[in-house]
Amino acid sequence: MNFTGSDISVVGLFGFVIVLTLVEMYFSYAHDRKLYTKRDTWTNIYLMTAAIVINLATKTGTFFLLQYCYQFRLFQIPNIWLYWFVLILAQDFLYWFLHTVGHYVRFFWAMHVTHHSSEHFNLTTGFRSTVFEPLYRVFFYLPLAFMGFTAVDILFAYLVTQIYGNLVHTQYNIKLPKWYGYIFVTPSHHRVHHASNVRYLDKNMGMVLILWDRWFGTFQEELPEDVVKYGLTTQPEDTGAVNIIFHEFIALSADVKKAPTFIDKVKYIFNPPGWSHDGSTKIAKIMQQELREEEQRRYEALQQDKVKGLNDRGELSSTG
């Protein structure tokens, strides 16, 4: 059996991620940081395995669909360096778009939610895959084939960027240059993405580049005064692996059934998570707006107290 350079690169990169994961596990247990639990780690492995099975089942169809569209390419980049630069850049942007859809359209959130369901955050969380994503991911990457990129190269670029995406699933503070965090996704950025804090919901969607989030309004820094709480705003009571995959579909189905009109049923499917026809639940943007308003009221009240305190001290001084 002959192995290509791409095969060797992918195996080497995955091996590197596995070694880092084992190292993080060791330091977590050695320093009693409790970043890992057996149940959560096994759930991550189960979900990764399920995603791999679906990936393998759809791999042939994905490849041939991309290669078929490649026949209708609009242009081709002859320079190999520019070719790979544009491919990685375009693929990362399309992933940002795919990821954003996964957060803002409830039907896709029902599939993506598995990746956010853990209340722990470590390198194995990166393996906690969106199990059904391989069924629809290819349609987001079709523009790459029309741009003149081959199916093999598209799939390889995705694997490389996915591996980088796995590496930022860590709670260890890694000192990086300031410029790096302006351009690339860092562990701090991705900790925000996995938070259930209202301020952090639906933020930092990028895989490799954080520039897309900065440019399109989905960026949020990790703030020391708002400590990250991992998981979902409402955790499922049953944390079994099967329920983790299907619980949001069950909840979505129940909401669609109770919707009073056909339009409301459609809105439950395509509106952001949290939308409700009667206002009983709220989407993240509404909750974040309310948080900003509440913080503004607190700030104004604090300023008024400071002014009042200065005036009181001034009156005491003048009468003293």
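The CZ atom of F249 sits 5.0 Å away from the CE atom of M111 when rounded to the nearest 0.5 Å. Taking CG of L291 as the reference point, atom CD of Q296 lies at 11.5 Å (rounded to 0.5 Å).
Aromatic rings of F108 and Y136 (six-membered ring for Trp) have centroids within the 6.0 Å cut-off, being under it. With ring centers used as reference points, H103 lies under 6.0 Å from H116. Aromatic ring centres of W109 and Y104 lie farther apart than the 6.0 Å criterion allows. Taking the six-membered ring for Trp and the full ring otherwise, the centers of H194 and H120 sit at least 6.0 Å from each other.
For residues 44-68, the pairs satisfying ring pair (Phe, Tyr, Trp, His ring centres under 6.0 Å) are Y68-F72, with sequence neighbours left out. Among residues at least two apart or in separate chains, salt bridge (charged side-chain N to carboxylate O under 4.0 Å, His left out) pairs with a member in residues 246-262 are R106-E248, R106-D255, D255-K258. Sorted by first then second residue, the salt bridge (charged side-chain N to carboxylate O under 4.0 Å, His left out) pairs that include residues 111-129, not counting sequence neighbours, are D40-R128.
For K282, the salt bridge (charged side-chain N to carboxylate O under 4.0 Å, His left out) partners two or more places apart in sequence, or in a different chain, are E290. In terms of the ring pair (Phe, Tyr, Trp, His ring centres under 6.0 Å) criterion, W42 has no residue partners (sequence neighbours excluded).
Other residues, nucleotides and ligands contribute at most 12 non-hydrogen atoms within 6.0 Å of the CZ atom of F107. At most 12 heavy atoms of other shown residues, nucleotides or ligands fall within 6.0 angstrom of atom CZ in F85. Remark: Q289 CD is packed, more than 12 non-hydrogen atoms of other residues, nucleotides or ligands lying under 6.0 Å away.
For Q288 (side chain) and L201 (main-chain N/O), a donor-acceptor pair under 3.5 Å exists by modelled atom type. In terms of modelled atom types and a separation under 3.5 Å, the side chain of H247 and the main chain of I244 share a donor-acceptor contact. Using a distance-only test at 3.5 Å, with no hydrogens or angles considered, a donor-acceptor pair links the side chain of N197 to the main chain of K229. Between the N204 side chain and the H189 main chain, a donor and an acceptor come within less than 3.5 Å of each other. Using modelled atom types, no side-chain atom of E133 and backbone atom of T130 make a donor-acceptor pair closer than 3.5 Å. Here the side chain of Y200 pairs a donor or acceptor atom with the backbone of D226 at under 3.5 angstrom. Side chain of T58 to backbone of I54: a donor-acceptor contact under 3.5 angstrom is found. Between the side chain of T41 and the backbone N or O of K38, no donor-acceptor pair lies under 3.5 Å. Remark: the backbone N or O of G206 is paired with a side-chain donor or acceptor of D213 at under 3.5 angstrom. A donor-acceptor pair is defined here as one N or O able to donate and one able to accept, closer than 3.5 Å; no such pair exists between the side chain of S28 and the backbone of R33.
In this structure, K265 and V256 approach most closely via the heavy-atom pair NZ-O, 2.8 Å. Contact between N79 and L82 at its shortest, heavy atoms only, is OD1-N, 2.9 Å. In terms of heavy atoms, T114 sits closest to S129 at OG1-O, 2.9 Å. Closest approach of N166 and L123 over heavy atoms only: O-CD2, 3.4 Å. Of all the heavy atoms in Y182 and I210, the pair that sits closest is O-CG2, 3.2 Å.
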Contacts table for residues 147-154: side-chain donor-acceptor under 3.5 angstrom, sequence neighbours left out:
from	atom 1	to	atom 2	distance (Å)
T150	OG1	D153	N	3.3
T150	OG1	D153	OD2	3.1
D153	OD2	Y83	OH	2.7

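Looking only at side-chain heavy atoms (C-beta outward), R137 and L98 come within less than 4.5 Å of each other. V101 places a side-chain heavy atom less than 4.5 Å from the side chain of F97.
Of the candidates E294, E300, E295, E294 is the only one forming a salt bridge (charged side-chain N to carboxylate O under 4.0 Å, His left out) with R298.
Following chains of ILVMFWY side-chain contacts shorter than 4.5 Å, one cannot reach Y70 starting from F75, and the two form parts of different hydrophobic clusters.
Ring orientation note: the planes of W215 and W212 are nearly perpendicular, at an angle over 60° on the 30°/60° scale. Under the 30°/60° scheme for interplanar angles, the aromatic rings of H115 and H190 are found to be tilted.
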Open item on the list: Working note: N173 + R191, criterion side chain to side chain donor-acceptor pair (under 3.5 Å); need CA distance, chi angles, decisive distance, verdict.
Closed with: CA-CA 11 Å; N173 290 315; R191 287 195 290 269; 3.1 Å; yes
- [ ] Give the intermediate values and the outcome of side-chain contact (heavy atoms from CB on, under 4.5 Å) for residues I45 and T124.
- [x] CA-CA 8 Å; I45 294 171; T124 66; 6.0 Å; no
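Between the side chains of H193 and H169, not a single donor N or O lies within less than 3.5 Å of an accepting N or O.
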